[in-house]
Q: 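For reference, the structure I am asking about is given below.
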Amino acid sequence: DTIPKYVDELPVPPVAKPLAEIKGNPYYEIAMRQVPHRFHRLFPSTTVWGYDGMLPGPTIKVQKDEKIYVRWKNKLPEKHLLPIDRTLHESAGPPDVRTVVHLHGANVAWESDGHPEAWFSRDFAKTGATFRRKVYEYTNKQMGATLWYHDHAIGITRLNVYSGLSGFYLIEDPVEKHLKLPKDGYDIPLMIQDRSFRSDGSLSYPENTNPPAPVNPSVQPFFIGNTIAVNGKIWPKLTVEPRKYRFRILNASNTNAYTLRLGDGRKFYQISTDGGLLTEPVELTTLPLEPAERSDVIIDFSQHKGKKLILQNTNAEGNMGVIMRFDVLLPLRGRDTSEIPAKLISEEQVLYEHHADKTRLLKLDAIQDEYNRPVLLLDDRMWHDPVTEKPVIGDTEVWKLINVTNFAHPIHIHLIQFKILHRTPFDLERFQQDGYIDYTGPPIEPAVHERGWKDTVKAEPGMVTSVIMKFTENPGEYVWHCHILEHEDYDMMRPMRVVEKEK
Ligand code: C2O
Ligand code: CU
């Protein structure tokens, strides 16, 4: 029952190719298909869902400010791979297999954002209430960044993403050209996901972990797998040259958070956060990643020739404490001319808390439903309650996330990138009594690895986590939510309506 580790070589997802052009802009068609997939050489094959029939999906590579079009096609069967909780939004009846694609971290018009109710079934036979277009338009008006696309269908996102619906989307930025960062074959995305399997090789996702509830299948508050896959292979190895590599690391797990450590604590250099490059590289020995967070890092293997370095997860022990291995066994193919530059980019826009047009206090809380199951909530409201977050174009907003639950929630806001201002501990008991925020300590600066542009932030328990953002364009219907997919589905997601300034 222990699966041998570091057997399969790490696959690198292929880059998607445009099918045609629309008005001179690349046009892609990417179909979701049910396919057999090998997670491990010694495993029977597993039925999964993949974009273009691949897990991860093909990597979409674009230039900053280059417009592209994508037709996301649902070619999945009518029956879902995984058990559906019939009590959740729109899950009572068909279509069971509804999909919609969100480009996580993108500045995009709302009709192309993958709103949860903009879902579509196979061949667009049925569509949800906010469905507007079959071909999505991405303008890529933002910094170069490691983004990712994944399913976002209302009530079943956790199941669709777990089935395999996620892929990388890389925006290349001309400013990077001068930086001599490792590139081409030395620039590798790593998508980390935990998974569990049945003995026949099929994906295992719990039906009901809360037996007193009469609901079966039932959503559960967490999912933690018992193996770790990187780019769709379980505990792979990557054979590398003794030189510098850039890794674009994404935690695409449903619930699980990781703290990465390289071979008992060797140094590596973080160069970006979710939204793009940092102003300068940060030297690290550990790197925490909540679900949906990304970090690009540079690892220099030149001093580790002949060594095998394990990428560890210090949040866990045993099987879940190891992710993959780097085998520094290839000969150097040419001089390594890449660099870890002292400076990366200059700060173009600084957002100051005292310039905020609006400050929102937003509570992260849990209640119980009629079956005594936990329901995670944002500001005590359900998904279907009227929209309350209505930022105005041109405004700078501070959102204070008051976490009164006893665990961390990775909170993601669509459309914009924000900066973390600080986290401040507060008196939880007092707050529960009369709603007053009595701070019990000074504000704590964000950690060194989270001082760049972010679209997902770890809201720590017992803390008020403050983030600042500016809304500059694209009015419309967006969402914000916890990126623990089990929370997002029930019911830690809220609408966000971005509105034009009144003249
Ligand atoms: Cu990565 Cu709204 O999601
Ligand atoms: Cu959560």
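Residue indices begin at 1 and follow the sequence shown. A quick note: this is a predicted structure, and the numbers were derived from the prediction, not measured. We count ligands from 1, going down the list as the structure has it; atoms in each ligand are counted the same way.
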Q: Counting backbone and side-chain atoms alike, is an N, O or S atom of H152 positioned under 2.8 Å from atom 1 (Cu) of ligand 1?
A: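 Under 2.8 Å: H152 has no N, O or S contact with atom 1 (Cu) of ligand 1.
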Q: Which label fits H150 and W148: parallel for a plane angle under 30°, tilted from 30 to 60°, or perpendicular past 60°?
A: tilted
Q: Please work out the angle at the Cu ion (ligand 2) defined by atom ND1 of H409 on one side and atom SG of C482 on the other, rounded to 10°.
A: 130°
Q: Run H384 and H89 through ring-ring contact (aromatic ring centres under 6.0 Å, His included) and show every step you take.
A: CA-CA 9 Å; H384 276 137; H89 306 288; 4.9 Å; yes
Q: At a threshold of 2.8 Å, where the distance has to be below it, does the Cu ion (ligand 2) have an N, O or S atom of H483 nearby?
A: no
Q: Nearest 0.5 angstrom please: I192 CD1 to I249 CD1, how far?
A: 6.0 Å
Q: Taking 2.8 Å as the cut-off, does an N/O/S atom of H483 lie below it from atom 1 (Cu) of ligand 1?
A: yes
Q: By atom name, which N, O or S atom belonging to H150 lies closest to atom 1 (Cu) of ligand 1?
A: NE2
Q: Would H481 count as a contact for atom 2 (Cu) of ligand 1, in the sense that one of its N, O or S atoms lies under 2.8 Å from it?
A: yes
Q: Between Y149 and Y51, is the ring centre distance below 6.0 Å?
A: yes
Q: Regarding H102, does it place an N, O or S atom less than 2.8 Å from atom 2 (Cu) of ligand 1?
A: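 No - counting backbone and side chain alike, H102 has no N, O or S atom under 2.8 Å.
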Q: Establish, from distance only, whether the side-chain atoms of H483 and E293 form a donor-acceptor pair under 3.5 Å.
A: no
Q: Looking at atom 2 (Cu) of ligand 1, is one of the N, O or S atoms of H104 less than 2.8 Å from it?
A: no
Q: Closest N/O/S atom of H487 to the Cu ion (ligand 2), by atom name?
A: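 Output for this pair reads ND1.
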Q: Over 60° means perpendicular and under 30° means parallel, so tell me whether H102 and H412 are parallel, tilted or perpendicular.
A: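 Tilted, since the angle between the ring planes falls between 30° and 60°.
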Q: Under 30°, 30 to 60°, or over 60°: which ring-plane class applies to H80 and W49, parallel, tilted or perpendicular?
A: tilted
